[in-house]
Amino acid sequence: MAGEPVNVNEFEELARKVLPKIYYDFFSGGAEDQYTLKENIEAFRRITIRPRILVDVSKIDMSTIILGHRTSAPIIVAPTSSHQLAHPEGEVATARGAAACNVIMGVAFTSTCTMEEVASSCKAVRFIQTFAFKREITANMVQRAERNGFRAIILTADTPRLGRKEADIKNKMIAPPFKNFEGLISTEAVSDKGSNVEAYAAETLDPSFCWKQTKAIEAGVVAGIIVSNHGARQLDYTPATISVLEEVVHAVQGKVPVLFDGGIRRGTDIFKALALGAKAVLIGRPVIYGLAAKGETGVKQVIDMLKNELEQTMALAGCCTVDDITRSHVNTETERFLCRM
Ligand SMILES: Cc1cc2nc3c(=O)[nH]c(=O)nc-3n(C[C@H](O)[C@H](O)[C@H](O)COP(=O)(O)O)c2cc1C
Ligand SMILES: CCCCC(=O)C(=O)O
């Protein structure tokens, strides 16, 4: 690739060049056969856009309100772990990039900077992501989230144990110190066979956590739902997230906003997810690639690229606001050749 990257995929190329192979494999990889990893991307390609033309698109407004927070675009940085493996400034740089773009920053509890460091370094609206950890870890996380101004807790529900990423096993991937666990567990989790990221997970997760233990929905503590397959890193052969979004949106019946992630690489992808009912999308790997390539500046560039592409898509499709993007602006695979009377 010559010159500056012009799209998010070119940032992946840059990241691949600068990162040690073991870390690039960790960030880019998916579980087992990586069927779902490919599908998360491919399924977007099978959806087409039905533009409206001769619409006054002289002003495009991408802003939206997510859980009460106004943001510049329906984009959230997905919580992903281990940012210092991509760049020495880690999640602090990512959060600053998000703040510069006025989008929400999702922080993984398995971050390499602490929640406190991220909170004190930027003004981004921050959500903290947790797994079903053992109880003392969760209690500690909730207290620190309140103290440090995190505005929501994202509970990742698909991880009673960690998915098998075979590249990590082969590479004997070593997890970085996850500083949020300091004082809570031994941060030196080790395994002599394969990836020690799995050893870490096994030490901290509570695999017995299930519906019996939570009445969260009845109690009204679920403010939103994220349709996600964890970037295809957990159970392989689950469907592409974009192919199940609409089904979830129908089931939720507008009771809470439905957010979406998995495979967003273009503004057109964001447009398609919104048309199928998502309130906003989360972006995982592209942000990490931006961080790896250029630190905070790279994160900002990646988010700006996606925003610019969304703006362009909205203009060419005849949508001035995100609320103007409707179900009838896309054709899914099954609809492509149907005649709508
Ligand atoms: C390297 C990497 C680490 C991740 N770490 C976490 C994590 O710690 N917690 C979590 O809930 N999801 C994690 N995810 C999943 C992301 O939140 C998100 O669902 C996924 O990256 C979206 O797909 P995309 O990468 O195609 O945008 C991780 C994803 C990647 C790629
Ligand atoms: C113990 C770290 C978990 C990170 C994670 O969720 C992932 O790599 O997908």
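Excluded from the calculations below are hydrogen atoms, water molecules and symmetry mates; all remaining heavy atoms, backbone and side chain alike, are included. Here, residue 1 is the first one in the sequence, and each next residue gets the next number. Each ligand, and each atom within it, is numbered from 1 in the order the structure gives.
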Can you tell which of [options] gets a heavy atom nearest to [atom]?
atom	options	value
atom 1 (C) of ligand 2	Thr204, Thr159, Val197	Val197
atom 16 (C) of ligand 1	Ser81, Pro79, Gly262	Pro79
atom 7 (C) of ligand 1	Phe131, Phe178, Tyr289, Phe26	Phe131

- Phe131 neighbourhood, listing ligand 2 atoms whose heavy-atom distance to it stays under 4.0 Å: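 Checking each atom against Phe131, I get 6 (O).
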- Output the list of atoms in ligand 2 that are nearer than 4.0 Å to some heavy atom of Lys165, sorted by atom number.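 By the 4.0 Å cutoff, the relevant atoms are 7 (C), 8 (O), 9 (O).
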- Task: Applying salt bridge (Lys or Arg N to Asp or Glu O under 4.0 Å), run through Glu335 and Arg50 and close with a yes or a no.
- Result: CA-CA 12 Å; Glu335 289 158 351; Arg50 286 161 52 97; over 6 Å; no
Closest protein heavy atom (residue, atom, distance) for [atom]:
atom	answer
atom 19 (O) of ligand 1	Asp261 OD2, 2.8 Å
atom 3 (C) of ligand 2	Leu162 CD1, 3.9 Å
atom 4 (C) of ligand 2	Ser81 OG, 3.5 Å
atom 28 (C) of ligand 1	Thr80 CG2, 3.6 Å
atom 15 (C) of ligand 1	His230 CD2, 3.6 Å
atom 24 (P) of ligand 1	Arg285 NH1, 3.6 Å
atom 27 (O) of ligand 1	Gly284 N, 2.9 Å

Which ligand 1 atoms are under 4.0 Å away from a heavy-atom of [X]?
X	value
Ser228	19 (O)
Arg265	24 (P), 25 (O), 26 (O), 27 (O)
Thr156	10 (C), 11 (O)
Thr110	8 (O)
Phe27	1 (C), 31 (C)
Ala108	8 (O)

- Query: Looking at ligand 1, does Asn40 have a heavy atom less than 4.0 Å from it?
  - Reply: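 No, Asn40 has no heavy atoms under 4.0 Å from ligand 1.
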- Item | Whether Phe109 lies under 4.0 Å from ligand 1, heavy atom |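 It does not, in that no heavy atom of Phe109 comes within the 4.0 Å cut-off of ligand 1.
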- Message: If you count every heavy atom of other residues, nucleotides or ligands that lies below 6.0 Å from Lys17 atom NZ, does the total exceed 12?
- Response: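 Yes.
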- In terms of heavy-atom contacts, does CD of Glu247 have more than 12 from other residues, nucleotides or ligands at under 6.0 Å?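 Incorrect, the count does not exceed 12.
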- Item | Backbone or side-chain N or O of His230 under 3.5 Å from ligand 2 N or O |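 The answer is yes, given that His230 and ligand 2 share an N or O pair closer than 3.5 Å.
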- Task: Answer yes or no: does an N/O atom from Arg233 fall short of 3.5 Å to an N/O atom of ligand 2?
- Result: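 Yes, at least one N or O pair falls under 3.5 Å.
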Test: [X] and [Y] ion pair at under 4.0 Å:
X	Y	answer
Asp269	Arg265	no
Lys179	Glu116	no
Arg126	Glu91	no
Glu89	Arg96	no

- Message: Is it true that Glu12 and Tyr24 share a donor-acceptor pair across their side chains at a distance under 3.5 Å?
- Response: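 Yes, side-chain donor-acceptor contact under 3.5 Å.
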- Sub-3.5 Å N/O-N/O distance, Gly263 and ligand 1: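 Yes, there is a polar N/O contact under 3.5 Å.
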- Message: Could you tell me if the side chain of Leu235 sits less than 4.5 Å from the side chain of Asp158, heavy atoms only?
- Response: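 Asp158 vs Leu235: side chains apart.
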- Close side-chain approach of Leu274 and Phe260, heavy atoms under 4.5 Å: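 The answer is no, as the side chains (C-beta and beyond) never meet within the 4.5 Å cut-off.
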- Under 4.0 Å, heavy atoms only, figure out whether ligand 1 is touched by the backbone of Gln129, its side chain, both or neither.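 It is the side chain that gets close, since no backbone atom is under 4.0 Å.
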- I would like to know whether Arg233 and Thr159 meet side chain to side chain donor-acceptor pair (under 3.5 Å); could you show each step before the answer? CA-CA 10 Å; Arg233 293 163 75 83; Thr159 312; over 6 Å; no
- How does Phe181 reach ligand 2, if at all, at less than 4.0 Å between non-hydrogen atoms: by side chain, backbone, both, or neither?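 Contact part for Phe181 vs ligand 2: neither.
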- Message: Applying side chain to side chain donor-acceptor pair (under 3.5 Å) to Asp323 and Thr321, what does each step give before you reach the verdict?
- Response: CA-CA 5 Å; Asp323 289 336; Thr321 70; 5.0 Å; no
- Would you say Gln234 touches ligand 2, if touching means a heavy atom closer than 4.0 Å?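 It does not, in that no heavy atom of Gln234 comes within the 4.0 Å cut-off of ligand 2.
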- Query: Taking the six-membered ring where the residue is Trp, are the ring centres of Phe178 and Phe109 under 6.0 Å apart?
  - Reply: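 No, ring centres 6.0 Å or more apart.
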- Report the residue from Thr36, Asn40, Thr241 that forms a side-chain hydrogen bond (donor to acceptor under 3.5 Å, both in side chains) with Asn229.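 Going through Thr36, Asn40, Thr241 one by one, the side-chain hydrogen bond (donor to acceptor under 3.5 Å, both in side chains) with Asn229 is satisfied by Asn40 alone.
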- Task: Enter the distance from Thr48:OG1 to Arg46:CZ here, rounded to the nearest 0.5 Å.
- Result: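 So the OG1 of Thr48 and the CZ of Arg46 are separated by 12.5 Å.
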